[in-house]
Number of protein chains: 2
Amino acid sequence: MEPQQLRTFVTVARLGSFSEAARELGYTQSAVSQQIAALEADLGTAVLHRRPVGPTGAGERLLEHAGALLLRIDAARADIARLAGAPSARLTVGATPLAVGAELGRALAEVRRAYPVVDLTVRVVAQDVLPAEVATGAVDLALVDGPAAPSDPLPLPDVGPLATVAVAEQPLVVALPAGHPLAGRSGLALADLSAAHWLDAPGLAPTAARLSAATGVEGYRPAARYLGTDVRGLLALVAAGHGLALLPATAPAGVPDVAAVPVRAPRLVHRTELVHGALPEGPAALLARLLTGE
Amino acid sequence: MEPQQLRTFVTVARLGSFSEAARELGYTQSAVSQQIAALEADLGTAVLHRRPVGPTGAGERLLEHAGALLLRIDAARADIARLAGAPSARLTVGATPLAVGAELGRALAEVRRAYPVVDLTVRVVAQDVLPAEVATGAVDLALVDGPAAPSDPLPLPDVGPLATVAVAEQPLVVALPAGHPLAGRSGLALADLSAAHWLDAPGLAPTAARLSAATGVEGYRPAARYLGTDVRGLLALVAAGHGLALLPATAPAGVPDVAAVPVRAPRLVHRTELVHGALPEGPAALLARLLTGE
DNA sequence: GATCATTACGAGCCGCGTAATCATT
DNA sequence: AATGATTACGCGGCTCGTAATGATC
């Protein structure tokens with residue numbers, strides 16, 4: 001089970017074709033066919049069926065393992081490179097849309113003051129891939145957020161030895177249209193809203209599935225899905241009555257036609273964590289210190 | 001970065017010797033030396049220093065990745081083999097010491113009734129390695145337990161696509177000597193005991209570190225460590241006043257000289273989860289159904 | 001019959017073992 | 001001096017590409 005074979009396997013599975021995988025990987029058809037044959041001989045089972053080309057049952061399973069494995073290999077490479085390489089004058093910060101706020105802005109300004117020539121990039125992506133981005137070195141550090149029990153760490157995928165530090169916790173609120181019967185409340189229990197329509201915005205806040213896991217309450221089936229990463233768009237849908245959204249208190253603050261009611265039960269907060277690997281002294285380490293308060 | 005190189009690397013690091021690693025792996029010294037050289041050339045850094053032989057900084061880091069990587073490779077192999085192989089008449093159940101109880105006994109009796117000739121083994125090991133045992137097929141399924149917020153999943157290491165189902169939740173109690181001032185209480189808050197002496201029993205209940213993470217409260221520094229896996233031994237130490245222990249309610253029930261007071265705050269329960277991979281029809285699948293109540 | 005996967009075969013490379021060399025205690 | 005890691009070198013096997021074959025739509 002060589003990494004190269006796995007890489008070829010996932011490519012074939014993704015593209016559904018030996019030939020196209022060969023093209024993408026710079027092999028001949030023949031080489032791809034032989035790699036898959038060797039992999040199957042090694043495992044003693046077919047992992048792909050042909051015509052049409054697709055993963056078998058065992059192949060589906062192998063895909064999950066292979067993805068994690070290849071990611072981890074990249075992560076290990078990046079980790080070592082970080083330790084051995086010269087301190088770079090590049091700083092790439094990963095963050096979820098909701099994690100980009102005033103604190104990060106201020107901290108980055110300070111970094112700029114200390115390292116005037118640093119090549120600064122902020123990369124906004126969804127929560128679930130951020131740990132992988134940190135592990136593989138695509139970003140130096142990342143701000144990840146999501147709902148969690150107070151003082152509970154966020155459940156992040158395990159892609160390597162990463163440090164996570166809490167940097168902020170703010171109340172979690174339900175965003176609802178201004179005219180909603182509950183809009184005037186000073187607080188509410190999520191259980192009261194089990195029959196409500198929810199907007200699922202996987203690019204912004206954790207998906208309903210993860211929320212259910214965090215709260216232990218079933219039944220947050222979303223009425224609609226919002227695939228953007230802009231909070232204002234989501235809040236416009238909320239205002240229009242398409243459904244409710246669970247957000248950190250700062251997100252809907254001051255938006256017209258949207259009311260925000262703190263969640264009282266279950267006890268949840270919106271937590272922001274800093275995720276990073278080894279940080280050699282430089283702008284990245286400074287930013288980490290600034291964000292965590294030394 | 002071939003898996004073989006990593007396996008050789010971790011062996012050398014563990015044994016602190018190229019020659020001994022060669023003996024253990026069935027290579028010559030030379031081959032081991034060349035594999036390490038190739039690995040270091042690939043990574044562009046030394047991962048071992050020689051005389052004495054030991055991991056460098058980058059090597060330490062690589063060790064963490066390599067361990068997870070090799071484990072996952074074994075897990076993938078075992079996973080595939082399970083799917084492809086013939087249904088076995090062997091059933092190996094993994095469990096933590098505290099998870100072996102009446103329910104498991106009854107369920108196993110029923111399995112025996114349905115499969116009279118099954119080769120049945122119960123393997124009791126510490127929590128933290130159980131998921132790996134399941135992933136690599138050392139056990140077919142496992143009962144893992146530990147403290148958690150109500151309805152919260154246990155934080156288990158991610159070693160592959162494993163299914164986890166809650167099978168039981170019981171109150172968490174503080175075990176304290178009968179004469180202890182708090183022994184008569186009907187409930188207490190852990191915060192009240194922050195200054196107490198704790199017994200850390202990593203083989204039985206999660207370590208203090210994990211408990212701190214679960215509760216968000218710092219300062220559960222253990223006064224003593226108990227390395228056995230027998231609850232009665234631990235409770236004897238509690239009775240003798242060496243410290244307190246956090247256990248599920250059933251563990252200290254009826255033990256003389258030990259009082260058990262339920263934990264009221266933070267809201268924690270002792271949760272037992274069934275962990276398993278793909279379960280082809282057979283005794284393992286039956287046991288899983290019995291434990292989860294269909 | 002065209003597309004695409006498999007098989008046959010030869011060439012090059014890689015990784016191992018043997019054996020000699022070098023370094024450290 | 002002896003133990004143990006590295007280097008030199010040749011052999012065997014593995015994997016690739018080319019090319020022919022086979023299968024499926």
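So you know, we letter chains A, B, ... as the sequences are listed, proteins then strands, and number each from 1.
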What integer distance in Å separates [X]:[atom1] from [N]:[atom2]?
{"X": "Tyr27(B)", "N": "dT18(C)", "atom1": "OH", "atom2": "P", "result": "14 Å"}
{"X": "Leu48(A)", "N": "dC4(C)", "atom1": "CG", "atom2": "P", "result": "16 Å"}
{"X": "Leu39(B)", "N": "dC16(C)", "atom1": "CG", "atom2": "P", "result": "12 Å"}
{"X": "Glu2(A)", "N": "dG15(C)", "atom1": "CD", "atom2": "P", "result": "10 Å"}
{"X": "Arg50(A)", "N": "dT21(D)", "atom1": "CZ", "atom2": "C1'", "result": "17 Å"}
{"X": "Arg23(A)", "N": "dC4(C)", "atom1": "CZ", "atom2": "P", "result": "7 Å"}
{"X": "Glu20(A)", "N": "dT3(C)", "atom1": "CD", "atom2": "P", "result": "14 Å"}
{"X": "Gln29(B)", "N": "dT21(C)", "atom1": "CD", "atom2": "P", "result": "16 Å"}

Passing candidate, side chain to side chain donor-acceptor pair (under 3.5 Å) with Thr8(A), options Glu2(A), Gln35(A), Glu24(A): Gln35(A)

Along DNA chain C (nearest heavy atom to each residue), the more 5'-positioned of Gln4(B) and Val32(A): Val32(A)

Sugar-phosphate only, base, or nothing, as touched by Thr28(B) at under 4.0 Å among non-hydrogen atoms: base

Touch class at under 4.0 angstrom, heavy-atom based, for Gly26(B) against every strand present: sugar-phosphate

For [N], does either OP1 or OP2 sit under 4.0 Å from a side-chain N or O belonging to [X]?
{"X": "Ser33(B)", "N": "dA5(D)", "value": "no"}
{"X": "Gln35(A)", "N": "dC16(D)", "value": "yes"}
{"X": "Ser30(B)", "N": "dT7(D)", "value": "no"}
{"X": "Gln34(A)", "N": "dA8(C)", "value": "no"}

Pro52(A) vs Ala31(A), nearer the 5' end of DNA chain D by closest nucleotide: Ala31(A)

Position toward the 5' end of DNA chain D (nearest nucleotide), Gln5(A) or Val53(B): Val53(B)

Distance-only donor-acceptor check, side chains Thr96(B) and Asp145(B), under 3.5 Å: yes

Donor-acceptor side-chain pairing of Gln29(A) and Ser33(A) below 3.5 angstrom: no

Heavy-atom neighbours of Arg14(A) CZ exceed 12 at 6.0 Å: yes

Main-chain N/O of Leu25(B) paired to Arg7(B) side chain as donor or acceptor, under 3.5 Å: no

